[in-house]
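Right, one structure below, let's go through it.
Numbered from 1 within each chain, the chains take letters A, B, ... in sequence-line order.
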Amino acid sequence: MNKRLVLIDGSSYLFRAFHALPPLSNAQGEPTGALFGVVNMLRAHLKDKPDYIAFVMDASGPTFRDELDPQYKANRPPMPDDLRAQIEPLMAIVQALGLPIIRESGVEADDVIGTLALQAAAGGVDVTVSTGDKDMAQLVRPGVGLVNTMSGSKLDSDEAVVAKFGVKPAQIIDYLSLVGDAVDNIPGVPKCGPKTAAKWLGEYATLDGVIANAGKISGKIGESLRATLPRLPLNYQLATIRTDVSLPERHDELAMRERDVEALRVLYARYGFNQALKELDGAAVPESAGAAMPKAPTGLRGFVAPPVIAGDIDPQLSRPGEYECVVDEKQLKTWADALAQASMFAFDTETDGLDPMQANLVGISLSTVAGKACYIPIGHVAAGEQQLALDTVIAALKPAFADPGKLKIAQNGKFDLHILHRHGLDVLPPLGDTLLESFVLDSSQRHDMDTQAKRLLGMDTIHYEDVTGKGAKQISFAQVALDVATNYAAEDADVTLRLHEVLSPKLAGEPKLDGVYRDIELPLVPVLARIERNGVLIDAAELRTQSAELSRRMLEAQQRATELAGRAINLDSPKQLGALLFDELKLPALVKTPGGAPSTNEEALEAIADQHELPRVILDYRGLAKLRSTYTEKLPEMINPRSGRVHTNYNQAGAATGRLSSNDPNLQNIPIRTEEGRRIREAFVAPPGRVIVACDYSQIELRIMAHLSEDPALLRAFASGEDVHRATAAEVFGKALDAVSSNERRAAKAINFGLMYGMGAFGLARQLGVPRGEAQDYIGLYFSRYPGVRDYMERTRVQAREQGYVETVFGRRLYLPYIASRNQAQRAGAERAAINAPMQGTAADIIKRAMVAVDAWLQPQNDQGLMIMQVHDELVFECDGGFADTLRAEVGQRMAGAADLRVPLVVDSGSGANWEQAH
DNA sequence: TGCTCCTGCAA
DNA sequence: TATTGCAGGAGCA
């Protein structure tokens, strides 16, 4: 057996732990979050008892890379004080643990690790590099592997690197040179992302190969590559980890020293590491430290036990599961009995499609105990008599799924609720949902199960596409062989239960977040499921008529454009339009796209509309084409043939602020602002005898701003029921309410909205079409009239910077990783998000609460009224004609009562034969 | 067929 | 150089 060397990239972990963990502190108020993460990670490595180990940190001062490129890492924010303060304590703990520490100036930790890794591998030692830095993938080779204990991922073979990056370890430097690195300020090839880089390297093998063949790569991206050619060799040098650093110690001198128990005891106590302290006193840690959950905070006042973090993954969490395929009644009974005994269980469904309103049930998986799960095939095509009948399975499971004493846990349970409901099995509360647990804990993370399993359990799960294939060759899950299906599907239930066991205590440790999860998100799941299931009736004939009219007018515009251009032109192609307008016709290109090309967007075309007839024609065409392709043509296609209605999907974990989003189709962006766009809403209809009712919050986000800022003038305006934009205009322009002109009101409205998004004078000037100085004056006047708003915004920025997150009124949290960035644009963006999120997020919380309350009232009304849509500040219903007034009153009352703010919540409503009329 | 960009719809 | 989303078409390989 080879000896083993573990090289720990201390700098990368410290930085990542700092940003991944809450800003904890000990009883003395010293920051400890990052320290805690890194120390836990270290302890996990030590349990492995490697033969050699080193903790490698960046030294201070410049390195050879700074000499190569003065811009290198120029965008790096300075190290936050709270992070800097944790370095010395960390070094003290590492020292006391007995780990060799290496800090070498003039190079980075990467280079030290690269050198030691190759040296050791050459000497027949198995090397594990523990790092959070993907650049290190270039070191992977026989004898050298990477592990990231924070994400739980492992890169220990060519195949693993290829799976992650699409290129081999030997091509990683070439890959990084092309893609670049925003964090290190290495500019790659514009428009070349990971996929493109991997593709080129697949074709030409090396960066030199790509450079040599740059002439063959066509299109814009080819131009982009050729423009960047001179820079690439430097990128290659910067991305190359050195493996020839001369170091004071050889790899085989890096043995553990005796640890200094007394020093550790003092340090652990000081920083509040209770678990570590216990282990120190309790001698060896039991291998099956079964209690994977963090201990509740005991002793040591002021220290909050952090949630389980990736660096602290217990190996027990990722142990393989035992999975059973249930094909006869005896097995089924055994599992039904297990459900009957259990207080909670996880479940998952497999289907033959992704549309919850159409897909058929193919199988159900269950787990009552982490590590044990079953799969019950039902709709597999080749299973023959091997599988139980749907009715048998449903009958056996029904009692458990309806039991109010059992917690039923799923990942994105709304989908499974739909599928099971359509197959005769209703899932009744209480529910648990790992998607929502993860979303509430940190909305900026990814919440898909594979990612969560890796991050929280250290598990590499089987991916759906591993089982079904993908693209044209993809097969339905119904065609998957039973043994393969069992391994995949049972694992899903197993992992769901394991995730819940990790996430649930994390939430319990954050009472406000737990409240958001339990009181807002979970109760909403069945409500959303009902809204989606209800669907909305679409008048397809009306849309077809509109489509024909739009087509006719588009053709006219197209013909006129051809005349004006003197040649054929594709009006749908920004590229062709740009060439025509700016190259051939020499019109001024006043706006640039984010990619740097001259833009043909509405603003750019409006700006040159007085110089040529064509821009106006293009604008007309665009407006028509948008309506036709996105709405009048698409919506009829989305009608479900079984129900005759359109069923959107609401994504409950989509928007970081807590808003819902809608897709397939998106019913939250149906036009309203233009006359012809608004007509689309006439096709959202009620069946005979029924009407559409729409209820929306009036100025909800501004009201929340008034509540949060407690600004007297703003509070007064809302309290007295004034038109708030008019009131703002009166304040800003120093006039009586009834003396405000429509233009002044328009300006005030722009200020009100702009401020909520963190807009500056530049943006307001552009919005209003006034000089920047004038816009600045408006903003100045605004803040002098509403000083509470100014103070609130400043408080929010400070809070975001200090805590790393902002909160809604109900305690929902949004983390802002870029809030302390030294990159001015990134930081400014994070500040704008920080200002907007509490308002947008609180509004989302409020309407979610309202939906739950409205649904509770509506459910017993026997379908006299159905909730059918949510559009951020609006709820839409379909109801019996005679029920409309009742519904408007009852809904309005519940929406207005969904929160108790310092200003009243006002709800407007209307009804009519279609959605347009209901407004 | 999948990726990337540009454009534009809503609150 | 105004937030949060979803989605269509073009262009490319």
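Heavy atoms of A:Ala761 sit nowhere under 4.0 angstrom from any nucleic acid atom. Here A:Glu874 lies out of heavy-atom contact (under 4.0 Å) with every strand. Residue contacts shown for A:Gly763 are limited to sugar-phosphate atoms, with no base heavy atom under 4.0 Å away. The residue A:Glu701 sits apart from the nucleic acid: no heavy atom pair falls under 4.0 Å.
In this structure, CG of A:Asn752 is placed 16 Å from C1' of B:dA11, rounded to the nearest angstrom. Rounded to a whole Å, the CD1 atom of A:Ile672 is 12 Å from the C1' atom of B:dC9. Put simply, CD on A:Glu465 is 12 Å from C1' on B:dG2, counting in whole angstrom units. As a whole-Å value, the separation of A:Trp915 CH2 from B:dC9 P is 16 Å. Nucleotide B:dA11 holds its C1' atom 9 Å from the CZ atom of A:Phe753, rounded to whole Å. As rounded to whole Å, 15 Å separates atom C1' of B:dG8 from atom CG of A:Asp620. The distance between atom CD1 of A:Ile700 and atom P of B:dA11, rounded to the nearest whole Å, is 14 Å. Counting to the nearest Å, the P atom of B:dA10 and the NE2 atom of A:His919 are 11 Å from each other.
A:Thr600 has no side-chain polar atom (N or O) that falls below the 4.0 Å cut-off from OP1 or OP2 of B:dC6. In this model, the phosphate group of B:dC3 is not approached by any side-chain N or O of A:Thr196 to a distance below 4.0 Å at OP1 or OP2.
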For a quick test of your reading: what N or O donor-acceptor pairs under 3.5 Å do the side chains of residues 830-847 of chain A make, sequence neighbours left out?
| from | atom 1 | to | atom 2 | distance (Å) |
| --- | --- | --- | --- | --- |
| A:Glu831 | OE2 | A:Arg801 | NH1 | 3.1 |
| A:Asn836 | OD1 | A:Gln840 | NE2 | 3.1 |
| A:Asn836 | ND2 | A:Met756 | O | 3.1 |
| A:Gln840 | OE1 | A:Thr657 | OG1 | 2.7 |
| A:Thr842 | OG1 | A:Val809 | N | 3.1 |
| A:Thr842 | OG1 | A:Pro838 | O | 2.5 |
| A:Asp845 | OD1 | A:Arg812 | NE | 2.8 |
| A:Asp845 | OD1 | A:Arg812 | NH2 | 2.8 |
| A:Asp845 | OD2 | A:Thr808 | OG1 | 2.7 |

Just distance, no hydrogens or angles: give the donor-acceptor pairs under 3.5 Å from side chains in residues 191-199 of chain A, sequence neighbours left out.
none

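Ion pairing of A:Arg622 with A:Glu602 is absent here, as no side-chain N (NZ or NE/NH1/NH2) approaches a carboxylate O to less than 4.0 Å. By the 4.0 Å N-to-carboxylate-O rule, A:Glu701 lies close enough to A:Arg659 to be salt-bridged with it.
The base of B:dA11 sits with one of its N or O atoms less than 3.5 Å from a complementary donor or acceptor on the side chain of A:Arg659.
Defined by atom type and a distance below 3.5 Å, a donor-acceptor pair is missing between the side-chain atoms of A:Gln917 and A:Glu682. Side-chain contact check for A:Arg790 and A:Tyr792: no donor-acceptor pair (N or O, by modelled atom type) lies under 3.5 Å.
The aromatic rings of A:His725 and A:Phe753 sit tilted, their planes meeting at an angle between 30° and 60°.
Evaluation of the side-chain hydrogen bond (donor to acceptor under 3.5 Å, both in side chains) test over residues 755-774 of chain A, restricted to residues two or more places apart or in two chains, returns A:Glu774-A:Tyr778.
Annotation for A:Tyr650 and A:Met869: closest pair OH-CA, 3.3 Å, computed over non-hydrogen atoms.
Scanning DNA chain C 5' to 3' for nucleotides with an atom closer than 4.0 angstrom to a non-hydrogen atom of chain A gives a first and last hit of C:dT1 to C:dA13.
The residue among A:Asn663 and A:Arg832 whose nearest nucleotide of DNA chain C lies closer to the 5′ end is A:Arg832.
In terms of the salt bridge (Lys or Arg N to Asp or Glu O under 4.0 Å) criterion, residue partners of A:Arg745 (sequence neighbours excluded) are, by chain and number, A:Asp723.
Only A:Lys626, A:Tyr631, listed by number, bring a heavy atom of residues 626-635 of chain A to less than 4.0 angstrom from any atom of DNA chain B.
In this structure, of B:dT7, B:dT4, B:dA11, it is B:dT7 that holds the atom nearest to the side chain of A:Arg622.
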